[in-house]
Amino acid sequence: MSKWASPLMLLVFVFLFEVADGYDPMDPQGNITINWDFKTITDVYTVIVSIHNYQLYRHIEPPGWKLSWTWSGSEVIWDMKGAETTEQGNCSTYRGDTIPHSCEKNPVVVDLPADAPYNAQAGNCCRGGVLTSIVQDPTRYMSAFEMIVRNPMRSKPSNFSIGVAGYTCGDPVDVPPSKYRFDGQRYTQALKTWQVTCSYSQFRESDMPSCCVSLSAFYYQSIVSCPDCSCGCQGSPAASQCISEGQQPNYLQIPKAKSQDEPISPVVMCTQHMCPIRVHWHLKSNYKDYWRVKVTITNLNFVKNYSDWSLVMQHPNLGSLAQVFSFNFQPLFQIGETNDTVMLWGIERYNDMLLQSGASGNVQSEMLLKKDPREFTFKGGWGFPRRVSFNGHDCIMPSPDAYPALPNGSPRKFPTSAAVHQVVFMGLSPLVLYVVVLLL
Ligand SMILES: *[C@@H]1O[C@H](CO)[C@@H](O)[C@H](O)[C@H]1NC(C)=O
Ligand SMILES: *[C@@H]1O[C@H](CO)[C@@H](O)[C@H](O)[C@H]1NC(C)=O
Ligand SMILES: *[C@@H]1O[C@H](CO)[C@@H](O)[C@H](O)[C@H]1NC(C)=O
Ligand SMILES: *[C@@H]1O[C@H](CO)[C@@H](O)[C@H](O)[C@H]1NC(C)=O
Ligand SMILES: *[C@@H]1O[C@H](CO)[C@@H](O)[C@H](O)[C@H]1NC(C)=O
């Protein structure tokens with residue numbers, strides 16, 4: 001056993017525990033917070049429920065959130081604005097003129113569409129359950145509805161869920177009441193506020209990666225493709241259904257969702273990697289003070305358009321990103337001391353929708369980076385990203401020994417010790433990594 005074996009194993013396990021725990025080093029604070037703000041607590045409770053997506057780069061896409069919980073007693077939802085429950089449930093004990101909105105013990109609440117009738121709406125409602133990340137659109141990362149509850153709430157409801165794969169929610173806790181400001185100097189506040197926090201884990205969402213990275217460089221004659229079986233092997237039971245290139249997709253064979261609300265499982269183009277999303281990093285040009293990279297995201301999924309997609313990339317030079325030509329971008333400073341991670345996303349109505357495969361399913365942009373003469377080099381794969389994630393899903397990178405080499409065959413070496421973590425991570429076969437994580 002080499003003297004490196006134990007420190008390296010330690011690193012691997014530290015990394016794996018981080019991920020398995022739902023901890024995301026690129027967004028350590030990220031969570032979805034649900035507030036219950038009580039406006040009246042007399043014979044009826046009026047509650048404003050708001051859902052805040054405090055994640056830097058992960059959004060809730062269609063079909064959107066579905067908030068559910070379990071009442072502790074005989075509570076009923078008398079009325080609701082800005083959302084509705086999917087079931088009215090058994091309200092047979094109510095025989096008056098008005099019948100409650102929902103008598104379900106486990107109500108499931110869904111958002112209304114944007115064109116809902118005006119009198120059914122409430123402030124910040126009606127976005128079809130879609131929430132952007134907080135970086136992407138600070139006006140659409142939260143959503144709210146109002147409900148009137150009857151029968152005493154003797155204890156707090158429990159068993160909260162937002163109905164989106166990968167998220168788990170805790171139980172409500174008392175927090176200081178939310179405050180509202182209507183004019184210059186006066187605040188009003190809720191009578192009391194309960195808060196539920198939900199966290200995300202990629203490994204809870206899926207046991208298979210969904211994205212991989214390929215590389216090329218102006219000085220290298222071929223393309224380093226995504227590692228084989230990055231997202232499963234063709235024909236294996238865990239892999240997605242696939243359609244060969246050139247073969248006209250037979251839409252009759254593509255599974256239809258059971259209902260409009262169900263996500264459709266991917267049907268991808270048959271490739272060696274089988275990923276629905278491929279991110280390609282092309283090292284395009286070298287200037288005196290700058291260098292240029294072209295990034296292309298290709299959708300190989302025939303049955304999904306990715307709306308409001310986002311890409312997060314880590315590279316030591318990204319702190320000196322001078323220009324991005326066709327995407328929005330923002331450095332993610334929140335990540336400790338480092339300045340090497342940026343988030344990129346589409347420009348509204350231009351390329352914020354990554355269309356399904358077969359319908360021009362790609363978006364691309366060039367980036368201009370200012371060289372830092374102290375560390376800039378094309379040697380040892382330095383010019384390629386350390387980490388890439390699409391919509392908050394980590395992408396599988398080629399192994400470092402496959403990286404485009406400089407033509408003169410200069411010796412390959414990683415210049416910084418920081419790269420060790422990466423080497424360890426990438427050196428493991430992606431499937432082995434996932435299997436180990438699942439076992440933990
Ligand atoms: C959830 O996110 C908010 C906003 O970033 C943060 O203030 C809060 O501490 C987070 N909560 C948890 C439990 O991490
Ligand atoms: C509905 O609730 C009433 C009263 O709790 C009960 O008697 C009745 O059996 C329930 N009906 C159904 C169909 O569950
Ligand atoms: C928790 O909620 C689910 C529906 O989201 C429901 O099927 C289940 O019975 C609930 N669990 C408890 C203990 O009530
Ligand atoms: C994706 O968008 C295109 C163009 O708007 C549309 O024709 C297609 O039906 C959409 N596909 C899915 C799966 O929603
Ligand atoms: C990070 O880079 C940006 C430019 O992209 C710069 O404005 C900022 O000052 C840098 N921050 C740190 C902490 O180095």
Side-chain angles (χ1 to χ4, degrees), residues 32 34 49 51 59-77 83-96 99-111 113 128-130 150-151 153-172 196 198 204 210 240-243 248-269 276-277 297-309 346-363 391:
I32 290 185
I34 301 160
V49 179
I51 306 176
H59 66 302
I60 303 292
E61 57 186 350
W65 53 262
K66 269 190 204 165
L67 182 62
S68 62
W69 62 83
T70 302
W71 291 118
S72 64
S74 58
E75 295 91 335
V76 296
I77 301 173
E84 61 188 0
T85 59
T86 55
E87 300 279 343
Q88 183 173 35
N90 179 358
C91 291
S92 62
T93 49
Y94 297 86
R95 297 175 188 281
I99 291 186
H101 180 81
S102 175
C103 306
E104 270 290 318
K105 180 91 174 154
N106 294 300
V108 179
V109 179
V110 292
D111 200 4
V130 171
R150 286 213 177 167
N151 296 351
M153 281 193 220
R154 295 216 165 79
S155 46
K156 296 184 177 94
S158 60
N159 194 19
F160 275 81
S161 161
I162 59 165
V164 180
Y167 291 88
T168 47
C169 302
D171 282 330
V196 173
C198 309
R204 248 184 258 128
S210 56
S240 309
Q241 186 189 333
C242 84
I243 293 173
Q248 193 60 27
N250 181 353
Y251 285 100
L252 294 176
Q253 280 177 8
I254 290 178
K256 290 268 181 291
K258 283 185 217 77
S259 77
Q260 218 182 339
D261 301 338
E262 295 300 316
I264 312 177
S265 44
V267 178
V268 300
M269 190 177 284
I277 294 290
I297 311 172
T298 306
N299 182 359
L300 298 167
N301 187 349
F302 287 101
V303 291
K304 181 159 176 183
N305 297 324
Y306 293 84
S307 56
D308 293 320
W309 58 267
I347 293 170
E348 206 181 338
R349 282 191 285 276
Y350 172 58
N351 58 10
D352 60 341
M353 177 77 104
L354 177 53
L355 286 177
Q356 66 198 43
S357 190
S360 71
N362 72 76
V363 291
N391 276 357

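Whatever order the structure lists ligands and atoms in, that order sets their numbers, starting from 1. Computed from a predicted structure; not experimentally measured.
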Measuring to protein heavy atoms, does anything land under 4.0 Å from [atom]?
{"atom": "atom 11 (N) of ligand 2", "answer": "yes"}
{"atom": "atom 7 (O) of ligand 2", "answer": "no"}
{"atom": "atom 14 (O) of ligand 3", "answer": "yes"}
{"atom": "atom 4 (C) of ligand 3", "answer": "no"}

Quiz prompt | Shortest protein contact, atom 9 (O) of ligand 3 (heavy atom only) | solution = Asn106 ND2, 4.0 Å
Practice problem: List the closest protein heavy-atom neighbour of atom 1 (C) of ligand 2: residue, atom name, distance to the nearest 0.1 Å. | Solution: Asn90 ND2, 1.4 Å
Sub-3.5 Å donor-acceptor pair from the side chain of [X] to the main-chain atoms of [Y], do we have one?
{"X": "Asn151", "Y": "Val76", "result": "no"}
{"X": "Gln88", "Y": "Pro100", "result": "yes"}
{"X": "Lys105", "Y": "Thr70", "result": "no"}
{"X": "Asp352", "Y": "Gly346", "result": "no"}
{"X": "Ser240", "Y": "Val268", "result": "no"}

Quiz prompt | Atom indices of ligand 2, in the order listed, that fall short of 4.0 Å to a heavy atom of Ser92 | solution =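 This gives 1 (C), 2 (O), 3 (C) as the contact atoms.
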Quiz prompt | Atoms of ligand 2 close to Thr93 [distance to a heavy atom under 4.0 angstrom, numbered from 1] | solution = 4 (C)
Exercise. Report yes or no: does a heavy atom of Ser68 sit under 4.0 Å from some atom of ligand 3?
Key: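 In this structure, Ser68 qualifies as a contact of ligand 3 - some heavy atom is under 4.0 Å.
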Practice problem: Below 4.0 angstrom from a heavy atom of Asn159, which ligand 3 atoms are there? Numbered from 1 as shown, please. | Solution: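 Under 4.0 Å from Asn159, ligand 3 has these atoms: 1 (C), 2 (O), 3 (C), 8 (C), 10 (C), 11 (N), 12 (C), 14 (O).
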Exercise. Identify the heavy atoms of Ile297 and Trp309 that sit nearest to each other, and give their distance.
Key: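 Answer, listing the atom of Ile297 first, then Trp309: CD1-CZ3, 3.5 Å.
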Quiz prompt | Ser307 versus Glu61, closest heavy-atom pair with distance | solution = O-OE1, 4.3 Å
Exercise. Output the list of atoms in ligand 4 that are nearer than 4.0 Å to some heavy atom of Gln356, sorted by atom number.
Key: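 Checking each atom against Gln356, I get 1 (C), 8 (C), 10 (C), 11 (N), 12 (C), 13 (C).
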Exercise. Just do the side-chain contact (heavy atoms from CB on, under 4.5 Å) check on Asn301 and Gln356 with the steps written out, would you?
Key: CA-CA 6 Å; Asn301 187 349; Gln356 66 198 43; over 6 Å; no
Practice problem: Answer with side chain, backbone, both or neither: which part of Val303 has a heavy atom less than 4.0 angstrom from an atom of ligand 4? | Solution: backbone
Quiz item: Please walk me through it: do Ile32 and Ile60 pass side-chain contact (heavy atoms from CB on, under 4.5 Å)?
Solution: CA-CA 10 Å; Ile32 290 185; Ile60 303 292; 3.8 Å; yes
Quiz item: What about Lys304: any of its N or O atoms under 3.5 Å from an N or O on ligand 4?
Solution: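 No, there is no polar N/O contact under 3.5 Å.
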